Amino acid sequence: MLRLRPYKACDAQTIITWLKNEYAFRQWSADRYDRWPIAPADMNAYYDRDRDNGNIWGMTAFDDMGVAGHFTMRFPNEEDRGEVRLGFVIIDDRRRGNGLGREMLTLAIRYAFELLRVDKLSLGVFENNVPAIRCYEACGFQRVRRETAESYRCMGEVWNCIEMELLRKTPPTEKEIVR
C-alpha cells in the first residue's frame, strides 16, 4: 500500500535510476534539464530553485519496499488556488504494469481534492507516452482540446503534449468556499 510524503533530497538518488535512457528521461522532463544523464545533485538543484515558492512542491510515494514514485504539484495561477497541476510523474520502472501508477495518482487526486480542496487537477503528457496516457485515463483524467498544442523540441524532434484534466465531482461545501 502506497503512502505519500514530501519529496526529500535523498529521493533523487533512487528516482534518477528509473530513467534508463534519454528518451524516457525526456518523456519525464521535456527540456527542463540541460543534459542527460542527470545526477541526484542536478535534480535537487532544480527543485532547490523553488524551495521557498509555496506554489510548487514535490511528493514521493513509498511503501514497505521503499521509494516507489514521484510527482510535483503546483498552483499554476497564484491568484486562483482552484487548480493544481501535476508534473514530473514517474514510477519505479521495475514495478510498472502492476497498478502502482494508478495507486499513486489516486493518492494525488485525493490529496488535491480532499486536502487542498481544489476544483481541478491538470497535467500535460507527451502524445508518444501511451502507457502514461492510459494510466491517466484510467484514473479519470479527460483530454482537453487546446487551440494550439504545447510542443517541445526533444531529441531532434518536436513532441506535442496532450492536455488532460480531472474535475472534482462534488461541489465544494460552504466551508471550502471560504478557504
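Quick caveat, the model's predicted, so the values are computed rather than measured.
Crowding of R102 atom CZ: a count of heavy atoms from other residues, nucleotides or ligands under 6.0 Å not exceeding 12. Counting non-hydrogen atoms of other residues, nucleotides and ligands closer than 6.0 Å to CG of D31 gives a total above 12. Other residues, nucleotides and ligands contribute only 12 or fewer heavy atoms inside 6.0 Å of the CD atom of Q13.
One side chain, N128 or Q27, offers a donor N or O that lies under 3.5 Å from an acceptor on the other.
Considering only residues two or more places apart in sequence or on other chains, I162 meets the side chain to side chain contact (heavy atoms under 4.5 Å, CB included) condition with V125, E127, I133, R143, M164. In this structure W159 satisfies the ring-ring contact (aromatic ring centres under 6.0 Å, His included) test together with Y23, F126, sequence neighbours excluded. Applying the side chain to side chain contact (heavy atoms under 4.5 Å, CB included) test to R32 and every residue at least two apart in sequence or in another chain returns Y46, F88, Y152. Qualifying side chain to side chain contact (heavy atoms under 4.5 Å, CB included) partners for V130, counting only residues two or more places apart in sequence or in other chains: R134. A search for side-chain hydrogen bond (donor to acceptor under 3.5 Å, both in side chains) contacts involving R85 returns S122, E163, not counting sequence neighbours. Scanning for side chain to side chain contact (heavy atoms under 4.5 Å, CB included) contacts around D50 gives N53, I56, with sequence neighbours left out. Residues satisfying the side-chain hydrogen bond (donor to acceptor under 3.5 Å, both in side chains) test with R5, not counting sequence neighbours, are D11. Residues passing the ring-ring contact (aromatic ring centres under 6.0 Å, His included) test with Y47 are Y7, H70, sequence neighbours excluded. Scanning for side-chain hydrogen bond (donor to acceptor under 3.5 Å, both in side chains) contacts around R146 gives E150, with sequence neighbours left out. In this structure Q142 satisfies the side-chain hydrogen bond (donor to acceptor under 3.5 Å, both in side chains) test with no other residue, sequence neighbours excluded.
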Using side-chain contact (heavy atoms from CB on, under 4.5 Å), reason through N44 and K8 one step at a time and then give a plain yes or no.
CA-CA 9 Å; N44 287 321; K8 297 178 187 178; over 6 Å; no
Could you go through the side-chain contact (heavy atoms from CB on, under 4.5 Å) check for F71 and L4 one step at a time?
CA-CA 10 Å; F71 58 91; L4 291 178; 3.7 Å; yes
Which is it for V89 and L123 under the side-chain contact (heavy atoms from CB on, under 4.5 Å) test, yes or no, and what are the steps along the way?
CA-CA 9 Å; V89 179; L123 60 87; 5.7 Å; no
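Inter-residue side-chain proximity for I91 and W18 is flagged as unmet; no heavy-atom pair is nearer than 4.5 Å. With contacts defined as side-chain heavy-atom distances shorter than 4.5 Å, the pair Y33/F25 qualifies. Between D119 and R168, the closest side-chain pair of non-hydrogen atoms falls below 4.5 Å. R153 has its side chain within reach of V158: a pair of non-hydrogen atoms, C-beta onward, lies under 4.5 Å apart. Residues E83 and L121 are not in side-chain contact: their nearest non-hydrogen atoms beyond the backbone lie 4.5 Å or more apart. Within the 4.5 Å cutoff, the side chain of I90 has heavy atoms near those of the L19 side chain. Residues C139 and L166 fail the side-chain proximity criterion, which asks for heavy atoms closer than 4.5 Å. Two residues are said to be in side-chain contact when any heavy atoms from C-beta on lie closer than 4.5 Å; F141 and L86 meet this criterion.
Contact check on D93 versus R96 returns no salt bridge, with no Lys/Arg side-chain nitrogen under 4.0 Å from an Asp/Glu carboxylate oxygen.
The closest donor-acceptor contact from the side chain of N21 to the backbone of A24 lies under 3.5 Å. Listed for the N55 side chain is no donor-acceptor partner under 3.5 Å among the backbone atoms of E78. When atom types are taken as modelled, the side chain of R35 and the backbone of P37 share a donor-acceptor pair closer than 3.5 angstrom.
Grouped with M1 in a hydrophobic cluster is no other residue, since no side-chain heavy-atom contact under 4.5 Å to another Ile, Leu, Val, Met, Phe, Trp or Tyr is found. With a 4.5 Å cut-off between side-chain heavy atoms of Ile, Leu, Val, Met, Phe, Trp and Tyr, the cluster of M65 takes in none.
Smallest separation of non-hydrogen atoms from C161 and A149: O-CB, 4.1 Å.
Here the CZ atom belonging to R74 is positioned 10.5 Å from the CG atom belonging to N77, to the nearest 0.5 angstrom. Atom CE of residue M73 and atom CE of residue M59 lie 7.0 Å apart, to the nearest 0.5 angstrom. Here SG of C135 is found 10.0 Å from CG of N129. Values are rounded to the nearest 0.5 Å. Taken to the nearest 0.5 Å, the CZ atom of R94 stands 11.0 Å off from the CG atom of L100. M104 contributes atom CE, which lies 12.0 Å from atom CG of D63 (distance to the nearest 0.5 angstrom).
In terms of hydrophobic clustering, with Ile, Leu, Val, Met, Phe, Trp and Tyr side chains grouped at heavy-atom distances under 4.5 Å, F62 and L107 are assigned to different clusters.
The aromatic rings of W57 and Y111 sit tilted, their planes meeting at an angle between 30° and 60°.
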